[in-house]
Number of protein chains: 2
Amino acid sequence: MAPKTPQWRGLADEIAREIAAGTAGYRPGDQLPQIRDLVAQGKGSKTTILAAYKALEAEGLVSMIRGHGTKVRKRPPHQIRRHQQRYVWEKKLAGGPAEDRQNNGVVEMDTGLDHDQVECHATFSVIPADAELSERFGVDVGTLMLHRHYWHSTPGDPTALSLIDSYLIHEVAARNPDLLDSSKEPWPGGTHHQLSTIGIEIDRIDDGIRTRLATQAEARKLGIPVGSAVILLGKTSVSTDGDVVEYSHVVLPGERTELRYSVPLERWPQ
Amino acid sequence: MAPKTPQWRGLADEIAREIAAGTAGYRPGDQLPQIRDLVAQGKGSKTTILAAYKALEAEGLVSMIRGHGTKVRKRPPHQIRRHQQRYVWEKKLAGGPAEDRQNNGVVEMDTGLDHDQVECHATFSVIPADAELSERFGVDVGTLMLHRHYWHSTPGDPTALSLIDSYLIHEVAARNPDLLDSSKEPWPGGTHHQLSTIGIEIDRIDDGIRTRLATQAEARKLGIPVGSAVILLGKTSVSTDGDVVEYSHVVLPGERTELRYSVPLERWPQ
DNA sequence: GAGTGGTCTAGACCACTGT
DNA sequence: CAGTGGTCTAGACCACTCC
């Protein structure tokens with residue numbers, strides 16, 4: 001009945017223990033023994049050692065770079081996202097005086113980083129609505145949509161903090177030509193203020209949260225190991241007229257992100 | 001610059017396309033060609049084919065069972081959890097008439113399944129608070145805690161829908177001895193009503209959402225492939241006195257769960 | 001016991017990173 | 001170019017499932 005462990009699992013567990021214990025040579029940034037060396041030491045064949053290293057990589061403990069080596073990963077800072085608070089704050093900001101919008105970026109609230117510590121990258125395109133978008137917005141398939149792709153990073157580090165695809169109905173967004181211009185990003189005051197310039201007020205935001213393994217492209221951009229998990233956030237903004245006016249699809253690195261929601265409850269009558 | 005794809009990736013993609021297209025032999029429940037056969041057909045060595053199949057398993061498309069075969073997975077029903085609505089509803093139920101509580105289980109609301117389609121399993125134990133629990137509840141390390149482990153399933157199917165670990169301060173829970181008795185579960189009216197019997201009203205619930213790869217044990221219990229992602233939900237209940245009175249740690253199968261939260265926004269002044 | 005996936009080896013050769 | 005991970009092979013043997 002003993003659950004026998006494969007050799008590669010045993011080796012992976014052994015190394016994981018060393019890392020957890022902080023043994024010299026197994027501290028963050030240190031380079032692990034090379035695969036060839038362990039083979040020479042008789043720890044197993046190359047395939048076996050590689051399986052152990054791959055397991056550690058999938059668990060986020062080490063990072064393997066071809067031609068470079070295998071290193072113990074430094075724990076990246078945890079990102080806590082309080083969307084509820086953020087949405088409320090963002091709307092208030094958009095409705096307030098212009099000087100507040102200049103000094104308080106929406107991105108900073110998102111990431112908890114300073115104003116000059118975040119770079120915003122944006123590329124816009126116009127695409128026809130596919131079946132999914134047409135259902136979300138309640139428009140015909142083929143309706144032109146403004147597709148805005150964003151990603152944020154810290155200066156000097158190409159690692160993205162999140163990958164965002166945002167969609168608006170093109171005809172609606174075009175009522176203010178500035179909204180079609182990616183060079184206006186980051187827009188002070190965020191999406192709430194953008195939409196307010198074309199007479200739209202957001203009444204409610206619905207978040208849907210799912211998870212799956214990162215694709216290779218996502219893993220590269222977010223700086224996480226392939227095979228690790230991402231959080232998928234679908235954010236639907238509904239106007240005071242009851243129309244879906246914006247939909248965003250956000251990909252977040254699972255291992256270093258926590259989403260928080262707070263649900264206040266009505267008190268029972270005394 | 002051509003991003004060359006390994007042979008195993010190419011094979012996996014080819015099979016994934018067949019599955020997506022619904023080709024005969026690649027429909028849900030169908031058995032995939034055996035590894036030995038593909039080797040005989042010259043599609044690659046056993047290691048290569050196995051890597052392709054493993055990739056498909058990690059992506060949730062197929063399930064491999066040793067000694068049995070590799071089959072195309074049936075898409076399990078997607079579970080949508082609206083916690084916000086649920087928390088509000090659950091509190092209202094607990095404050096209302098007893099007959100409502102008998103007829104409306106909290107679990108059913110959770111899973112969207114019928115009353116007689118859900119089995120509830122509960123085991124209770126008393127443990128000393130570790131550092132994490134002591135911080136969450138604001139009690140000393142070593143304080144006795146009531147640890148309640150739950151899992152739900154559909155009759156005849158050992159697959160769990162979720163794995164729940166719930167914690168209460170033992171001294172507090174003991175004010176109603178029924179709360180220490182696992183045979184009283186499932187408790188009509190849920191945790192809100194349980195706590196109301198000892199004079200506690202829940203004022204606010206905070207959800208924290210993270211993700212990571214499933215452990216082997218979780219994968220087995222939830223019926224998901226090892227290496228796939230789970231959603232971790234930490235649920236903190238705060239009483240009207242401002243104390244943390246319950247903390248639950250919920251593990252959900254990532255690939256078939258979606259969490260939804262809705263954030264209503266205050267209207268701008270006219 | 002037949003069938004089928006899982007682990008392991010020993011070694012060839014490829015592809016990327018850095019000097 | 002040297003160093004280091006990634007892919008692939010051919011085949012032996014193990015472990016689990018189902019009959």
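Everything numeric here is computed off the predicted structure, so don't read it as measured data. In what follows, every chain begins at residue 1, and chains take the letters A, B, ... in the order their sequences are listed.
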Provide, to the nearest angstrom, the distance between the [atom1] atom belonging to [X] and the [atom2] atom belonging to [N].
{"X": "Lys43(A)", "N": "dC8(C)", "atom1": "NZ", "atom2": "P", "value": "15 Å"}
{"X": "Asp37(A)", "N": "dG5(D)", "atom1": "CG", "atom2": "C1'", "value": "13 Å"}
{"X": "Glu57(A)", "N": "dT4(D)", "atom1": "CD", "atom2": "C1'", "value": "14 Å"}
{"X": "Gln34(A)", "N": "dA2(D)", "atom1": "CD", "atom2": "P", "value": "15 Å"}
{"X": "Lys71(A)", "N": "dG3(D)", "atom1": "NZ", "atom2": "P", "value": "17 Å"}
{"X": "Ile49(B)", "N": "dG6(C)", "atom1": "CD1", "atom2": "P", "value": "13 Å"}
{"X": "Leu11(A)", "N": "dC8(C)", "atom1": "CG", "atom2": "P", "value": "10 Å"}
{"X": "Arg9(A)", "N": "dC8(C)", "atom1": "CZ", "atom2": "P", "value": "12 Å"}

Could you check whether His249(A) and Asp165(A), counting side-chain N and O atoms only, form a donor-acceptor pair closer than 3.5 Å?
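Side chains of Asp165(A) and His249(A): no pair found under 3.5 Å.
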
Sequence neighbours left out, cut at 3.5 Å: what donor-acceptor pairs do the side chains of residues 124-132 of chain A make with other protein atoms?
{"residue": "Asp130(A)", "atom": "OD1", "partner": "Glu132(A)", "partner atom": "N", "Å": "3.2"}
{"residue": "Asp130(A)", "atom": "OD1", "partner": "Leu133(A)", "partner atom": "N", "Å": "2.8"}
{"residue": "Glu132(A)", "atom": "OE2", "partner": "Arg136(A)", "partner atom": "NE", "Å": "3.1"}
{"residue": "Glu132(A)", "atom": "OE2", "partner": "Arg136(A)", "partner atom": "NH2", "Å": "3.2"}

Angle between the end axes of the helix from dG1(C)-dC18(D) to dG18(C)-dC1(D), five pairs per end, to the nearest 10 degrees?
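Comparing the axis at each end, I get an angle of 30°.
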
Minimum heavy-atom separation for Leu161(A) and Pro253(A), please, with both atom names.
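For Leu161(A) versus Pro253(A), the nearest heavy atoms are O-CD, 3.3 Å.
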
Residue pair Glu218(B) / Leu213(B): nearest heavy atoms and the distance that separates them
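Shortest heavy-atom contact: OE1-O, 4.5 Å.
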
Between Glu57(A) and Lys71(A), is the closest basic N to carboxylate O distance under 4.0 Å?
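Between Glu57(A) and Lys71(A) there is no salt bridge, as every charged N stays at least 4.0 Å from the carboxylate O atoms.
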
Can you find a heavy atom in the side chain of Ile49(B) that is under 4.5 Å from one in the side chain of Val39(B)?
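Yes; the side chains approach each other to less than 4.5 Å.
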
Do Leu146(A) and Tyr167(A) come within less than 4.5 Å of each other through their side chains, counting heavy atoms only?
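Not touching, per the 4.5 Å side-chain cut-off.
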
For His121(B) and Trp151(B), indicate whether the former's side chain and the latter's backbone hold a donor-acceptor pair under 3.5 Å.
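Judged by distance alone, yes, a pair lies under 3.5 Å.
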
N/O (side chain, [X]) to phosphate O (OP1/OP2, [N]) under 4.0 Å:
{"X": "Thr48(B)", "N": "dT9(D)", "answer": "yes"}
{"X": "Gln7(B)", "N": "dT9(D)", "answer": "yes"}
{"X": "Thr47(A)", "N": "dT7(C)", "answer": "no"}

Which nucleotide sits closest to the side chain of Trp8(B): dA10(D), dT7(D), dA10(C)?
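From the listed options, dT7(D) comes nearest.
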
Can you sort out the partners of Lys235(B) under salt bridge (Lys or Arg N to Asp or Glu O under 4.0 Å), two or more places apart, ordered by chain and number?
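Per chain and number, Lys235(B) pairs via salt bridge (Lys or Arg N to Asp or Glu O under 4.0 Å) with Glu246(B).
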
Could you list the residues that satisfy side chain to side chain donor-acceptor pair (under 3.5 Å) with Glu135(A), not counting sequence neighbours?
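Listed in chain order: nothing, the list is empty.
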
Heavy-atom contacts under 4.0 Å between residues 25-33 of chain A and DNA chain D, which residues?
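Within residues 25-33 of chain A, no residue comes under 4.0 Å of DNA chain D.
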
Please determine whether the number of non-hydrogen atoms from other residues, nucleotides or ligands lying under 6.0 Å from atom CZ of Arg210(B) exceeds 12.
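12 or below, so no.
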
A correct 5'-to-3' footprint of nucleotides 12-19 of chain D, with B, S and - meaning base, sugar-phosphate only and no protein heavy atom under 4.0 Å, is ---BBBS-

